[in-house]
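Everything below concerns the one structure shown next.
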Amino acid sequence: MVNTAVILAGGMGTRLHERTKNKPKGFLEIDNKPIVEESILKLLEIGIEQIVIGTGYLAEVYDHLAMRYPQVLCVRNNDYMKTGSMYTLYNLRERVSDDFLLLESDLIYEKQALEELIKLKESDVILASQFTNSNDEVFIETDENHLLVNLSKNRNDLNHIHAELTGITKISVHTLQILCDFAKSSFSENPQLDYESALAGISKQVNIYVHKLNNFVWCEIDNEQHLLRAVNYIYPMIKLKEKNFPFVKRNILLNPGPATTTDTVKYAQVVPDICPREEEFGDVMQMISTKLTALVANSNNYSTVLFGGSGTAAVESILSSVISEDAVLIINNGAYGKRMCQIADAYKLNYIEFQSSPYEALDLVSLEDIISSSKFSHLCIVHNETTTGLLNDISLVGHLCEKYQIQLIVDAMSSYGAIPIDLDSMNISYLAASSNKNLQGMAGVAFVIARTKDLETTQHLHPRNFYLHLYSQYKYFSKTKQMRFTPPVQTLYALKQAIIETRLEGVEKRYKRYTEAWETLIKGITRLGLKHLVKKENHSRIITAIVEPTIPNYDFEDMHKYFYRNGFTIYPGKLDGQNTFRVANIGAITNMDMNLFIKLLEQYLINIGYCTEGNEMNGISKT
Ligand SMILES: *Cc1c(COP(=O)(O)O)cnc(C)c1O
């Protein structure tokens, strides 16, 4: 049984500049804990009894830490500036009398890996992983028995690359001796020798087994980019994996939200119970609110107001909170524009409906005619009309509003998080969106992003509503970091993780991924003889209304059931006077999922006799 560990912590971490000016790399903090301390705790949890830390740069910081852990012994390498990690190890060799685990100080990793490494019967093992593409990898070449042949940062130095080095190794006390002998003879020539190269150097003398763990979540933190990845992505993943959650079946939701989520988002909901009035939870909501603003606006000018509710709550909150007796213009070119009219009816707003085709781009000339003919305080529009996938040009409408001093209200429910939006340059006063569409979070949080100075002016209006009162919710949150009434606690934890993942992927890249899936969809349905309604240049590329086959065997409910059995969900149409069904391409899905969808659709259409193998149409009219 291995009960000793060695942590190599002599280096200066120069690539992290300011961050390592006053503390060694191992003291970078994630979740308010130094990463090396997290590592120490993991080692102690798996039964390690003695930890020797090879220190050097700012060694006193480690000495201080050691005072809190009687199991930790620090051995200082005074020549850390002129030597490498092998010398730090060599320098502490006499303190190690047993087989041991060797770790670098700047790692974060899953604990399970240590347990697995200890259990292996081989006594000298390099723990390796799948490729991380971190831009700082050490690649490993092995022979057919998975024994180390060589390793290098340069792929071209190696013949057959098997895996990537993680910085976690198991070494027998016997091999340590060989390693030190090898090192001693190399130091005069290469004092900077690192321990990995020394391992490669003795690989002809000693069998060093390379154990590759697939799906091993870990990272080393050597530069700013690594740190960002660690904080936002790797660390949350490790936390989730360490909870040992069971497998969840993956369904592909091609309905326009709630969308398919990642497992990390699903599991982010499993947290200790917490009263949402605790400061800790206030911080979670504060982070969510700030980051939601930051995705589309400058937080000096805009504020995000959160509500528990479906997306419609956000739209309703705006319409019922910010409009006084003045006239409002509502653009209706689909079911969601119509919904805004229904809300306006319910609150008896003084509004005019501007109807426009659900397939064609807005006619801005007649829109301006109406706008200029009477005085409107607000204009409401849907960004991506989810009925058909028609994308309204918000920039142009925003400029019109600027010209006529009208505040613009945008329902961006199905565009936010994918289609780039800039509230300021688009002149948007209020934007409504929700947690469960392109953000890829769970359903239950609606939010409004408001131009703060516009929102401030609404405080004097006589309230028409209570729960959804935008200004009250905003004011209360800015004072207390709390919602006025019980928030959906676990949904917000999922939203926090979903935002982390959105920022990690980036809105632009997310839209690119969605667009690829959309192109696969359009190519596929076109090949199968089906038509969609909105032209490419006006299309959001996020949701598509497809004209239903007009043969007697076709039945939407049947088709829906067929897809549902196969793990896919499609959506009925929502258009008056035109029979359509809808396919969205949002969520944690890939182009591969869409390819599979098209294959299934083809099979269904063959089954009902709409087309035949090889995709010939059966002489039946396509529309
Ligand atoms: C999804 C959606 C909504 C909100 O729907 P909820 O069912 O209330 O979440 C509103 N507007 C648009 C454009 C949408 O796509």
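Both ligands and their constituent atoms are indexed starting at 1 by order of listing.
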Atom 12 (C) of ligand 1: which protein heavy atom is closest, and how many Å away? Tyr336 CD2, 3.2 Å
Name the closest protein heavy atom to atom 11 (N) of ligand 1, giving the residue it belongs to and the distance to 0.1 Å. Asp411 OD2, 2.6 Å
Looking only at protein heavy atoms, which one is nearest to atom 9 (O) of ligand 1, and what is the separation? Gly311 N, 2.9 Å
For Ser310 and ligand 1, does the shortest N/O to N/O distance drop below 3.5 Å? yes
Would you mind running through ligand 1 and noting each atom that sits below 4.0 Å from a heavy atom of Thr386? 12 (C), 13 (C), 14 (C), 15 (O)
Can you check whether Phe485 and Phe466 have ring centres sitting under 6.0 Å from each other? yes
Test of understanding: given a 4.0 Å heavy-atom threshold, classify the contact between Arg339 and ligand 1 as side chain, backbone, both, or neither. side chain
Quick one: pull up OG1 in Thr491 and CD in Gln269 and give me the separation to the nearest 0.5 Å. 5.5 Å
Could Arg484 and Phe307 be counted as a cation-pi pair, given that NZ or CZ must be under 6.0 Å from the ring centre and within 45° of the axis? no
Within the 4.0 Å heavy-atom cut-off, what Val382 brings close to ligand 1 is side chain
Arg451 and Asn427: side-chain donor and acceptor closer than 3.5 Å? yes
Does Lys437 approach ligand 1 within less than 4.0 angstrom via side chain, backbone, both or neither, non-hydrogen atoms only? side chain
For atom 3 (C) of ligand 1, what is the nearest protein heavy atom, given as residue, atom name and distance? Met413 CG, 3.4 Å
Flag for Asn384-Ser540: side-chain donor and acceptor within less than 3.5 Å: yes
